[in-house]
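Note sheet for the following structure.
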Amino acid sequence: MPKTDLPKAYEAKGLEDAIYKQWEESGFFNPDNLPGERSESFTIAMPPPNVTGILHLGHAFENSLMDTEIRYQRMKGKKALLVPGTDHAAVATQARVESELKKQGLVNPRQELGREGLLEKIRDFADNHKSIIISQIKKMGTSCDWSRLAYTFDDARSKAVNEIFRRMFNDELIYRGYRVINWSVKGQSTCSDDELEYIDQKTTVYTFKYSHDFPIAIATTRPETKLGDTAVAVNPDDERYKGYIGQKFTVDVGAQKPLIITVIADAGVDINYGTGAVGVTPAHSAIDFEMYQKNKDIGIIPVIGKDGRMTEDAGQDYQGLTVLEAREKFVAWLKANSLYISEEEITHNVGTSDRFGDVVEALPMEQWFIDVNKKIPGREKSLKDLMREAVTVGHQANPEKIIEITPDRFKTIYLHWIDNLRDWCISRQVWWGHRIPVWYCDDCGSISYGDTKQEKCEKCNSQNLRQDEDTLDTWFSSGAWTFSTLGWPEETADLKKYHPTTWMQMGYEILFFWMARMILMTTYVRNDIPFRQVYIHGMLRAKDGQKFSKSLGNGLDPIEIINKYGTDALRLSLLKGTTAGNDMRFYEEKVEGARNFINKVWNISRFILQSIEDIKIIDVEPEAKTLADKWILNNLRSVTALTNQAMDKAEFSYTSEKLYEFTWNDFADWYLEIAKIEGGKDEILLYVLQNLLKLWHPFIPFVTEEIWKNFDSGKLLMIENYPESISDHDTNANKKENEMVVDFELIKEIISTIRNLRAENKIEPVKLVKVVMMTKSKEALINEQVAIIKKLARVEDLQIIENNQKPENSISAIAGEVQIFLLLTGLVDVSAEKIRLEKEVSETEQYIEMLSKKLANTEFVQNAPPKVVDLEKEKLAKAHEKMIKLKQQVVDLK
RNA sequence: GCACGCCUAGCUCAGUUGGUUAGAGCACCUCAUUUACACUGAGGGGGUCAGGGGUUCGAAUCCCUUGGCGUGCACCA
């Protein structure tokens with residue numbers, strides 16, 4: 001029975017939630033339930049959104065990418081698994097909750113609530129966001145297996161985190177060390193190097209001497225830290241200062257004790273920069289600390305504390321001052337004592353905490369680190385080595401274990417980052433996170449691993465044990481994501497089946513944070529790669545190219561857009577016109593365009609379903625009866641082949657554009673109109689539509705599934721087989737060789753040409769016209785297709801003549817080798833016709849000239865592939881033919 | 001400072017290993033008013049592919065170079 005009850009426009013709202021529920025209840029999101037023999041698995045571990053907030057457009061983009069991929073693979077017959085999850089986002093979440101609590105009136109939430117009290121607040125906050133996030137992921141249509149839902153901070157993941165820590169601790173890859181780290185005063189916690197955001201800041205660089213008898217002037221942007229200087233470094237080849245190397249000078253700059261400044265040699269000092277000498281402050285500069293480690297006897301004097309104020313060691317005059325107050329005071333002192341030489345305004349960048357926002361202090365502290373350079377016991381390789389080989393020669397030099405990065409330029413960026421990588425500081429002084437599973441014995445001083453409460457010290461039996469207060473960097477747990485979500489450390493069936501994962505997509509901004517850490521963890525723990533392919537995507541930006549941000553207030557809520565336009569429209573607008581690695585601008589007009597297209601798909605289906613009696617599934621390509629049938633089936637084969645090829649390369653934009661063209665231009669604009677004329681195409685219409693729905697499903701799952709219901713196939717579209725390419729020929733070449741397609745294209749051209757003549761001569765669209773055509777070889781074709789031409793070009797009378805006699809009172813144009821004369825009832829506007837023809841003559845002349853030149857060039861004829869040369873010859877012949885006709889038309893005009 | 005990316009129609013962007021007279025969407029202009037779809041249809045205008053040089057029979061595409069925009073890393077005495 002034809003369907004008569006379909007609404008005129010597709011209304012996504014109201015339908016989508018029900019469809020999602022149906023998918024979910026089918027159980028097919030879980031690959032173990034998928035029908036048929038499926039030997040190959042395809043796994044994606046969803047980048048877990050942070051529970052700091054709710055999902056933004058960037059998440060919608062990422063969900064569109066991964067869901068389109070996983071749906072494609074599911075339809076291709078793979079065991080397709082998309083593991084969903086969320087991230088507790090340690091520092092970020094605590095920072096967020098603390099700032100909210102402060103808004104509510106608390107002054108120091110950590111002090112006022114205590115560890116358990118604050119954690120409870122954060123847990124509530126996180127749980128709340130988790131459930132919002134999950135419902136948002138569902139809104140986006142993401143087909144993930146909810147039975148495997150994970151959270152970086154749940155019991156299973158915490159178990160994995162502790163086990164990794166234990167192994168690294170035993171291998172002495174994790175160590176506790178006294179180092180200069182990045183300290184956020186505001187957050188009262190460390191930050192890793194990657195968690196810094198550098199911003200430009202204007203500052204003053206002061207040049208001065210420590211004392212009148214000190215021989216070398218130095219410069220600094222941080223005068224207050226000079227109270228903790230213990231050395232001056234010069235280049236060993238610097239003739240000016242060579243003689244001083246090794247000498248010690250005692251200077252009194254007002255610190256608690258006079259400073260003993262040793263002149264040391266360091267090849268890293270640039271002779272030509274500034275004074276050529278560097279004041280060394282081991283306690284408050286990572287670089288200076290490195291110098292100190294090479295020359296420990298120079299000493300280290302911390303003059304800034306965790307509270308961001310000057311310490312006792314800075315001296316009575318300075319103790320308790322903020323760094324800025326101390327800076328002013330010290331500069332004033334230099335001036336008063338005539339030690340000040342000069343100052344200069346410069347712009348330099350300072351590191352700020354990406355979560356707390358304050359400029360970080362470099363402070364020396366005991367922290368936990370992962371040693372990236374140490375050889376792993378029993379492996380002869382460092383973590384850095386493992387991280388490198390996974391993207392170059394393959395893990396353990398196994399070429400089958402190479403991670404492919406798309407686009408591959410990010411491989412270079414990643415390798416460069418590894419070269420500069422220092423030991424990873426993993427301890428944080430926030431409370432929200434995996435507590436470091438290490439216990440200290442207050443009696444014997446031993447340090448031991450323990451993931452649960454330790455009753456007594458293994459070494460001395462003391463019960464005075466306490467656990468480390470710190471928590472782990474959130475990326476420590478994220479690094480384990482691909483395997484911790486599959487049940488590790490148990491050797492689960494899931495791990496065997498679904499790991500390494502197949503595909504991963506992420507924004508380039510977390511390449512180092514996440515991709516690098518996943519590679520580090522997985523190669524170390526699993527002795528394997530975490531995934532085979534990484535698709536790096538760009539950032540979404542506003543229409544003016546600015547970042548979406550809260551402070552700019554230009555953010556768009558994906559759920560609002562979904563409510564307005566539907567999920568499919570949002571998904572399509574995010575994928576069409578977006579290429580790997582590049583940023584894209586997002587604005588509502590794009591979604592509107594996509595929504596219009598989705599409505600087009602709906603109406604194509606509506607037309608077919610309403611006009612067909614026997615609605616059924618057509619599995620086998622039906623027989624083509626007319627030229628148009630052959631053409632549409634041929635084009636469907638082409639677009640199917642293209643889609644398969646492009647999807648296998650994750651070219652989402654290209655795929656969607658090709659499908660879009662076929663759907664709107666070929667199928668809707670031409671074939672459906674012809675179907676109305678020729679009739680008897682029920683099976684072909686159903687066949688093409690059903691194939692289209694399958695091809696489109698990964699991109700726009702809701703509308704396609706909704707339409708699919710009308711076929712009563714008893715099966716969800718989601719698990720239908722994706723149409724396979726029938727031929728493996730080059731589809732483009734095939735197309736060109738195919739005369740039938742050429743014939744149909746000519747018919748299209750004839751129709752367009754007549755339409756164009758009509759429009760240019762202001763003939764009312766409803767008015768029927770008389771047309772005469774002149775052709776040598778296409779008479780049979782035109783006669784065969786005359787009904788189509790008549791109807792689509794609004795022609796009431798079509799005659800074919802052979803002589804070169806132009807019909808009276810007509811205007812003419814050329815389509816291929818066919819000359820078309822449109823008979824006018826009124827007088828021909830000769831001057832307008834002349835201008836039009838002359839323009840075409842001159843264009844054709846230029847074209848002929850270009851082609852002739854090309855073909856006259858013997859080098860071209862000799863060197864270019866014969867196929868190309870033949871093509872050019874053919875083009876020239878056609879152009880000549882056209883020219884003759886055009887000239888005749890010009891003559892006839894007079 | 002080093003590296004990477006981008007510059008194609010008014011706007012936003014595609015353009016696969018170099019080979020049709022360089023494409024799409026939006027916007028614009030003309031026409032159509034109930035058609036499966038106005039979330040529509042038909043027709044049209046609009047580009048020295050940032051500038052310069054090179055390689056090649058042939059360059060938007062490869063190389064060099066200049067400029068503009070952006071990003072990463074390093075330096076930041």
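Chain A is the first sequence line, chain B the second, and so forth, proteins listed ahead of strands; every chain is numbered from 1.
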Interatomic distance at P, B/G70 relative to B/C29, whole Å: 34 Å

Give a yes or no on whether a salt bridge exists between A/E589 and A/K543, defined as a side-chain N under 4.0 angstrom from a carboxylate O. yes

Tell me: CD of A/Q862 to C1' of B/U56, nearest whole Å? 15 Å

With sequence neighbours left out, the residues meeting ring pair (Phe, Tyr, Trp, His ring centres under 6.0 Å) with A/F607 are none

4.5 Å side-chain heavy-atom contact, A/L570 and A/L57: yes

Ignoring hydrogens and geometry beyond distance, is a side-chain donor-acceptor pair present between A/E845 and A/S842 at under 3.5 Å? no

Contacts satisfying salt bridge (Lys or Arg N to Asp or Glu O under 4.0 Å) that involve residues 746-764 of chain A (not counting sequence neighbours) are A/E745-A/K748, A/E760-A/R836

A cation-pi test, strictly: NZ or CZ of A/K576 under 6.0 Å from the centre of the six-membered ring of A/Y660 and no more than 45 degrees from its axis. Yes or no? yes

Per-nucleotide pairing state of RNA chain B [Watson-Crick or G-U, under 3.5 Å; [ ] pseudoknot-crossing; | other strand]: (((((((..((((.....[...)))).(((((.......))))).....(((((..]....))))))))))))....

For the P atoms, the ones on B/A38 and on B/G44, what distance do you get once it is rounded to whole angstrom? 24 Å

Rounded off to whole Å, could you give me the CZ-to-P distance for the A/R794 and B/A32 pair? 14 Å

Minimal non-hydrogen separation, A/P223 against A/F330, with atom names: O-CD2, 3.4 Å

Say you pick atom C1' in B/G43 and the same atom in B/U56; how far apart are they, in whole Å? 41 Å

C1' atoms of B/G52 and B/G15, separation to the nearest Å: 24 Å

Taking CG from A/L876 and P from B/U21, how many angstroms apart are they, rounded to a whole number? 11 Å

Rounding to a whole Å, what distance do you find between A/D666:CG and B/A24:C1'? 14 Å

Name of the residue among A/L572, A/L556, A/I561 meeting side chain to side chain contact (heavy atoms under 4.5 Å, CB included) with A/V591: A/I561

Partners of A/L15 by side-chain contact (heavy atoms from CB on, under 4.5 Å), sequence neighbours excluded? A/Y10, A/I19, A/E706

Can you name the atoms? Protein N/O to nucleotides 8-15 of chain B N/O, anything below 3.5 Å, with the distance.
{"from": "B/U12", "atom 1": "OP1", "to": "A/R585", "atom 2": "NH1", "distance (Å)": "3.3"}
{"from": "B/U12", "atom 1": "O4'", "to": "A/Y587", "atom 2": "OH", "distance (Å)": "3.2"}
{"from": "B/U12", "atom 1": "O2'", "to": "A/Y587", "atom 2": "OH", "distance (Å)": "3.1"}
{"from": "B/U12", "atom 1": "O2'", "to": "A/K590", "atom 2": "NZ", "distance (Å)": "3.2"}
{"from": "B/C13", "atom 1": "OP1", "to": "A/R585", "atom 2": "NE", "distance (Å)": "3.2"}
{"from": "B/C13", "atom 1": "O2'", "to": "A/G577", "atom 2": "O", "distance (Å)": "3.3"}
{"from": "B/A14", "atom 1": "OP1", "to": "A/T579", "atom 2": "OG1", "distance (Å)": "2.7"}
{"from": "B/A14", "atom 1": "O2'", "to": "A/E657", "atom 2": "OE1", "distance (Å)": "3.3"}

List, one per line, each side-chain donor-acceptor pair under 3.5 Å for residues 855-863 of chain A, sequence neighbours excluded.
{"from": "A/N857", "atom 1": "OD1", "to": "A/E859", "atom 2": "N", "distance (Å)": "3.0"}
{"from": "A/N863", "atom 1": "ND2", "to": "A/E859", "atom 2": "O", "distance (Å)": "3.1"}

Mark up nucleotides 35-43 of chain B, 5' to 3', with B wherever a protein heavy atom is under 4.0 angstrom from a base atom, S wherever such an atom reaches only the sugar-phosphate, and - elsewhere. -BB-BSSSS

Under the ring pair (Phe, Tyr, Trp, His ring centres under 6.0 Å) rule, collect the residues that match up with A/F513, sequence neighbours excluded. A/W475

Quick tally for nucleotides 72-77 of chain B: nucleotides whose base has a protein heavy atom under 4.0 Å get B, sugar-phosphate-only ones S, the rest -, giving SSBBBB

I need the CG-P distance between A/D870 and B/U20, as an integer number of Å. 15 Å

Hey, which of these two, A/R409 or A/A879, hits RNA chain B nearer its 5' end, going by closest nucleotide? A/R409

Mind calculating the distance between CG (A/D544) and P (B/G70) to the nearest angstrom? 13 Å

Whole Å only: how far is the CG atom of A/L757 from the P atom of B/G44? 10 Å

Exceeds 12 heavy-atom contacts within 6.0 angstrom, atom OH of A/Y206: yes

Quick one: label A/E651 by what it contacts on the DNA or RNA (base, sugar-phosphate, nothing), any heavy atom closer than 4.0 Å. base

In whole Å, measure the gap between the P atoms of B/G10 and B/C57 for me. 35 Å

Compute whether any side-chain donor of one residue and acceptor of the other, for A/W424 and A/D194, lie under 3.5 angstrom apart. no

Could you tell me whether the side chains of A/E197 and A/T352 share a donor-acceptor contact shorter than 3.5 Å? no

Determine all donor-acceptor pairs shorter than 3.5 Å in which one atom belongs to a side chain in residues 404-415 of chain A; sequence neighbours excluded.
{"from": "A/R409", "atom 1": "NH2", "to": "A/N582", "atom 2": "OD1", "distance (Å)": "3.3"}
{"from": "A/T412", "atom 1": "OG1", "to": "A/R409", "atom 2": "O", "distance (Å)": "3.4"}
{"from": "A/Y414", "atom 1": "OH", "to": "A/M387", "atom 2": "O", "distance (Å)": "2.8"}

In whole Å, measure the gap between the C1' atoms of B/U61 and B/G18 for me. 6 Å

What protein N or O atoms touch nucleotides 57-64 of chain B N or O atoms at under 3.5 angstrom, if any, and at what distances?
{"from": "B/C57", "atom 1": "OP1", "to": "A/N863", "atom 2": "ND2", "distance (Å)": "3.4"}
{"from": "B/C57", "atom 1": "O4'", "to": "A/E859", "atom 2": "O", "distance (Å)": "3.4"}
{"from": "B/C57", "atom 1": "O2'", "to": "A/N857", "atom 2": "ND2", "distance (Å)": "3.0"}

Quantified in whole Å, what is the C1' atom distance between nucleotide B/G58 and nucleotide B/C6? 26 Å

Calculate the interatomic distance between A/N761 atom CG and B/C31 atom P; express it in whole Å. 15 Å

If you look only at pairs with a residue in residues 270-286 of chain A, which of them pass as a side-chain hydrogen bond (donor to acceptor under 3.5 Å, both in side chains), with sequence neighbours excluded? A/K226-A/T281, A/D229-A/T281, A/S285-A/D288

Between B/C7 and B/G51, how far is it from one C1' atom to the other, in whole Å? 11 Å

A/Y671 pairs by side chain to side chain contact (heavy atoms under 4.5 Å, CB included) with which of A/I632, A/N665, A/V688? A/I632

